[in-house]
Amino acid sequence: MNMNGISIWSMVGLGYGTALGFAGVFGGLSGFLLVLVLGVVGLLAGRVVAGEIDVAGVWDSLGNRKRQAE
């Protein structure tokens with residue numbers, strides 16, 4: 001998707017980067033890391049809801065790796 005030469009993901013990245021910057025300035029390293037971790041969790045949750053990540057498949061593959069290591 002493109003809005004006058006700027007993609008929507010560029011705008012999302014700009015917003016997220018700005019939020020990380022403010023968290024770093026006002027919250028220090030702990031605030032920066034908290035916003036970063038919560039952003040990644042939100043991204044993964046959004047991809048699960050959109051159907052881009054199959055949680056059952058990921059869980060099964062993790063279980064298979066543990067069985068192969070034993």
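It should be emphasised that the depicted structure is a prediction, and the values quoted were computed from it without experimental measurement.
- Applying the salt bridge (Lys or Arg N to Asp or Glu O under 4.0 Å) test to pairs two or more places apart or on separate chains, none has a residue in residues 12-34.
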Would you tabulate the side-chain donor-acceptor contacts of residues 18-27 under 3.5 Å, counting partners in other chains and residues two or more places apart, or write 'none'?
from: T18; atom 1: OG1; to: L14; atom 2: O; distance (Å): 2.8

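- Under the side-chain hydrogen bond (donor to acceptor under 3.5 Å, both in side chains) criterion, the residue pairs touching residues 31-55 are R47-E52, with sequence neighbours excluded.
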Can you give each donor-acceptor pair under 3.5 Å made by side-chain atoms of residues 31-41, sequence neighbours left out, with the distance rounded to 0.1 Å?
none

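- For the side-chain hydrogen bond (donor to acceptor under 3.5 Å, both in side chains) condition, no pair includes a residue of residues 24-41, sequence neighbours left out.
- Legend: residues meeting side chain to side chain contact (heavy atoms under 4.5 Å, CB included) with V58, ordered by chain and number and at least two apart, are I53, L62.
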